[in-house]
There are 2 protein chains.
Amino acid sequence: MEDIKLLLKGLALADTRAIARSISIVENELDGYKQLLTALPLGKSTPLIGITGPPGAGKSSIINSLIRLLTGKGKKLAVVAVDPTSPFNFGSLLGDRLRMSEHFTNPLVYIRSLASRGSLGGLSAKIIEVTDVLKASGFDYIIVETVGVGQSEVEIVGLADTTVVVLVPEAGDEIQTIKSGIMEIADIFVVNKSDREGADRFAKNLTHLVHRHKNEKWVPPIIRTVGIRDEGITELAEAIENHGSSGILNEKRAYLLTEKALRLIQNEKMRDTDRRLIYRMIEDQARRPDFNIYSFVDNLISGKPVT
Amino acid sequence: MEDIKLLLKGLALADTRAIARSISIVENELDGYKQLLTALPLGKSTPLIGITGPPGAGKSSIINSLIRLLTGKGKKLAVVAVDPTSPFNFGSLLGDRLRMSEHFTNPLVYIRSLASRGSLGGLSAKIIEVTDVLKASGFDYIIVETVGVGQSEVEIVGLADTTVVVLVPEAGDEIQTIKSGIMEIADIFVVNKSDREGADRFAKNLTHLVHRHKNEKWVPPIIRTVGIRDEGITELAEAIENHGSSGILNEKRAYLLTEKALRLIQNEKMRDTDRRLIYRMIEDQARRPDFNIYSFVDNLISGKPVT
């Protein structure tokens, strides 16, 4: 317990070793895990910026450029790259690209990647816990990068104060099919690689869509960038700033906390479900011709004998 | 109850109306939902073929071509297209493409799409339940198509007897980064659009990788196809057949059932978690400066008063 108090003091002082130790405790659920989380001062709200979008849209270059800009102003940043273990989304490259970047030795930047723990919601809860530790650690911004395909971009919405969706002009042809979901997700659109052909038309189409889905409180701006040349990044940082000070976050807060609570509840409820034990029970019983998995699960949950 | 018995009889006779009604009961959790599931005769095992791969790889054309071949031999097929509501994966097109296909009026083919119910595992459980209804309905094959990006392809692995991963030659450059995950997933590789440049080199590289990850029991064959011209589909059907009769499915069975059980358990455990109630509680309490979401969740789960 004393150890946890010391850690919390260290976090308040933005001590790098305390941050690393705390994240390690949370990630591996070591002794003091619960005490640490329930004692985190979550009142002060560090802006959490979610950066998502399809593979190849240039999320990492946008983030690198954003880091350059913000650290140039003396801001302290934490960057979390979420690496789901999907064979298709090349997730593990995200963290690598950032780790190998020029910022790795910058004392103003803390870079961490989080790997998937399978498909039972474990990663989702870990992102919440780790970013909450970072919120207590004196950063000016927390940036979370996810590959926006599959469910991960839905998760970022329940987590980020400001969600930035990075697209490229080539997405143009498909915009009609993506509009419904994307409009609910994006607080800010980035059209990256906007020196490419078709960028004008794409940005114009996007503008039309945004205005058709207009919400009185916040109209997502469309920022044109060329990430690798740092173009448009000042505008992006301003848009993030504006969204943060628009007052819309206050309204979103209960929703965001509800999403977080649901994922933490799911994680807790599945904590005692022992995959290996279930495997052994199934190995035993599935040979019976009348084996029915729904009865098996019902019995298991209701505590009836299942053997 | 009597109603459910009649439905089960209808399923055994492959009656289309009984199938549609049963799926509707399961999907919407109507009266009799549990009785139906626990009474399903799950002993006979209809092969469940999962078709996954990145967007644009041509999964739908492969499936259309496979339907043509198999129904030509008088086989009865059920096809389930899983449409996660992701804004990036263009999921809803899957079902559309199949629905609009030539097979929609073919009496040997039953086509159904399943939409996402949010990110709390509901879709995952529904796929299991719906495909189990189909397994009791006299089909020769069940084909499940998912967009293989994000977590959906991980889900197909725990569900399908035979998982077919569809790739295109353009994926070649990225093969080094995908190899680890993909090797665990694929029972069969399809290199679609293999009339394109680079197809030879790509198939060769894939062959090398497959042999490096060799498993004594089953070496995933690499089938070259041009889906829109029906090329290579006979070979694909043979490979599916071979995998089914290889004996490896018997070994995989307890694993597959364990994965299914875990998803059903998660779905059951979250069933009573009322999002709106939690939202109201959070709206009430989150104003307090000392509000801590981890304490909130702990209290909620342990049944302590949370107000």
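In what follows, every chain begins at residue 1, and chains take the letters A, B, ... in the order their sequences are listed. Nothing here was measured: the structure is a model prediction, and the numbers come from that model.
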Heavy-atom donor-acceptor pair, Lys126(B) side chain to Val26(B) backbone, under 3.5 Å = yes

Of all residues at least two apart in sequence or in a different chain, which pass the salt bridge (Lys or Arg N to Asp or Glu O under 4.0 Å) check with Arg271(A)?
-> Glu29(A), Glu268(A)

Residue part contacting chain B, namely of Leu42(A), when any heavy atom lies under 4.5 Å = side chain

Which atoms of Arg253(B) come close to chain A, meaning under 4.5 Å heavy atom to heavy atom: side chain ones, backbone ones, both, or neither?
-> side chain

Hey, are Tyr294(A) and Glu129(B) close enough side-chain-wise for a donor-acceptor pair under 3.5 Å?
-> no

Based on non-hydrogen pairs under 4.5 Å, which of Ala39(A), Ala286(A), Pro289(A) is most in contact with chain B?
-> Ala286(A)

If you count heavy-atom pairs under 4.5 Å between each of Ile278(B), Ile265(B), Asp290(B), Ile301(B) and chain A, which one has the most?
-> Ile265(B)

Residues Asp187(A) and Lys252(A) bridged, charged N to O under 4.0 Å = yes

Pick from Thr273(A), Leu37(A), Asp132(A), Val297(A) with the largest number of heavy-atom pairs that fall under 4.5 Å of chain B | Leu37(A)

Does Lys34(A) pair with Asp298(B) as a salt bridge, N-O distance under 4.0 Å?
-> yes

